[in-house]
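Just passing along the structure, written as structure tokens.
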Amino acid sequence: MALNPTDTVIVAPASNDTSASYLDWSPILGGAVLAAAISTILAAFGSAIGLSMVSADTTRSSGLAALAVAGGLWALWVTISACGAGGYLAGRMRRPSLDSTDHERHVRDGAHGLVVWAVGALLVAFITSSTITGAAKTAATGVASAAAGVGALISQQADPVASSLDTMLRTTGTEPISASEREEASRVLVRSVANGSVDAADRSYVASRIAARSNISQQEAEKRIDDAFARLNQAKEAAKQAAERTRKMAIVTAFLTAAALLAGAAAAWFAAVLGGKHRDDETDLTSLFGPR
């Protein structure tokens with residue numbers, strides 16, 4: 001049947017599929033992979049920088065505070081760079097939703113950036129078996145390496161108990177200290193350090209044995225015991241201070257990691273919104289790379 005010029009043709013609008021998800025997973029996965037790749041590359045540079053700041057010689061190694069600041073700044077930079085790049089890619093590559101308002105498109109683009117951040121976090125955690133970024137891992141590793149270096153240097157020294165016993169039981173007499181007497185003196189010292197003081201009876205007994213074996217006076221033998229006890233107390237306090245420093249650095253590292261994560265989430269959101277805006281405006285970025 002032919003249509004008259006005055007006939008009106010009504011075309012039914014295409015129905016929207018309300019069951020379809022607003023999440024576009026292809027750009028999300030692409031952005032997450034890009035973020036993970038950037039994190040891995042920058043983590044390698046961060047590891048080199050961290051190792052260059054740590055030395056087995058404590059006089060040449062950077063302090064724990066410097067390592068914490070450097071690690072925190074690097075973690076922040078890596079997280080923002082990686083999440084920003086991944087978020088921008090997801091926002092730019094996401095299929096535009098022309099049936100929504102500008103505000104709604106911005107929200108959807110930003111949501112894609114957040115999902116990129118979350119998926120990228122899982123990817124990096126799976127690859128490195130660590131935290132969200134290699135930079136955060138580098139920060140923690142740098143601090144742990146410094147603490148381990150100090151512990152290694154301490155462990156290379158003589159056993160403090162054995163060293164104290166060697167000095168305390170030094171003899172010039174004809175009959176050396178027996179193994180059983182040395183073990184007994186060792187138990188007395190260890191128990192005294194744990195209790196915080198030397199028992200008077202133990203002190204007098206051990207001093208009498210030292211005096212008899214070393215041909216020295218009772219007073220001098222007691223002075224040896226007091227000196228050995230003081231050295232062990234100093235070693236105990238040094239170990240407690242090292243453990244306290246390690247605990248504080250672990251707290252700082254955890255806070256820095258959390259701050260880097262939050263900064264990465266914000267960077268992914270705003271970068272995805274920017275990428276969506278460039279997509280809708282068809283922004284030409286060839287000026288950044290030159291004409292094809």
Side-chain angles (χ1 to χ4, degrees), residues 43 46-76 128-170 182-200 202-203 206-207 210 221-261:
S47 299
I49 296 174
L51 290 174
S52 67
M53 297 177 65
V54 178
S55 174
D57 185 359
T58 54
T59 60
R60 301 173 55 189
S61 181
S62 300
L64 293 182
L67 286 173
V69 171
L73 292 176
W74 189 258
L76 190 63
T128 63
S129 299
S130 180
T131 53
I132 175 65
T133 61
K137 180 182 178 183
T138 302
T141 302
V143 174
S145 299
V150 174
L153 290 177
I154 294 175
S155 63
Q156 290 174 3
Q157 299 175 359
D159 180 6
V161 176
S163 178
S164 299
L165 285 173
D166 291 340
T167 304
M168 186 177 72
L169 302 178
R170 190 169 296 159
R182 183 182 178 90
E183 291 178 0
E184 187 178 29
S186 175
R187 291 194 296 270
V188 169
L189 280 179
V190 172
R191 184 170 60 249
S192 299
V193 171
N195 295 333
S197 63
V198 183
D199 182 75
D202 289 338
R203 183 169 177 267
V206 175
I210 296 174
E222 291 178 353
K223 184 178 182 301
R224 286 188 182 185
I225 296 175
D226 293 338
D227 292 342
F229 176 74
R231 283 193 295 270
L232 288 178
N233 261 338
Q234 291 177 355
K236 177 183 176 181
E237 291 301 319
K240 289 172 62 177
Q241 292 175 4
E244 181 65 14
R245 286 195 299 269
T246 303
R247 184 187 69 86
K248 291 180 179 179
M249 293 311 303
I251 294 174
V252 172
T253 301
F255 276 112
L256 290 176
T257 303
L261 290 173

Name all residues meeting the side chain to side chain contact (heavy atoms under 4.5 Å, CB included) criterion together with Ala235; count only those two or more places apart in sequence or in a different chain, and write none if there are none. Pro160

Which residues pass the side chain to side chain donor-acceptor pair (under 3.5 Å) test with Gln234, not counting sequence neighbours? none

Minimum-distance pair of heavy atoms, taken over all atoms of Leu76 and Ala259: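 Taking Leu76 first and Ala259 second, the nearest heavy atoms are CD1-O, 4.5 Å.
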
Counting C-beta onward and ignoring hydrogens, is there a side-chain heavy-atom pair between Val206 and Val198 closer than 4.5 Å? no

For Val193, all residues meeting side chain to side chain contact (heavy atoms under 4.5 Å, CB included), sequence neighbours excluded: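 By the side chain to side chain contact (heavy atoms under 4.5 Å, CB included) rule, Val193 matches Phe229, Leu232, Asn233, Lys236.
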
Among residues at least two apart in sequence or on other chains, which ones pass side chain to side chain donor-acceptor pair (under 3.5 Å) with Glu237? none

Pairing residues for Arg224 by the salt bridge (Lys or Arg N to Asp or Glu O under 4.0 Å) criterion, not counting sequence neighbours: none

Under the rule for salt bridge (Lys or Arg N to Asp or Glu O under 4.0 Å), what residues qualify as partners of Lys223, not counting sequence neighbours?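 Counting only residues at least two positions away or on another chain, Lys223 forms a salt bridge (Lys or Arg N to Asp or Glu O under 4.0 Å) with Asp227.
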
Could I get the full list of salt bridge (Lys or Arg N to Asp or Glu O under 4.0 Å) partners for Asp226, not counting sequence neighbours? Arg203

Who passes side chain to side chain contact (heavy atoms under 4.5 Å, CB included) against Glu244, sequence neighbours left out?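 With neighbours one apart ignored, the set is Arg247, Lys248.
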
Taking every non-hydrogen atom, the tightest pair across Ala221 and Ala207: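 Minimum heavy-atom contact is CB-O, 3.3 Å.
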
Taking side chain to side chain donor-acceptor pair (under 3.5 Å) as the cut-off, I'd like each qualifying pair that reaches into residues 188-198, sequence neighbours left out, listed once. Arg191-Asp202

Of all residues at least two apart in sequence or in a different chain, which pass the side chain to side chain contact (heavy atoms under 4.5 Å, CB included) check with Glu184?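 Partners of Glu184 by the side chain to side chain contact (heavy atoms under 4.5 Å, CB included) criterion, ordered by chain and then number, come out as Arg187, Tyr205.
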
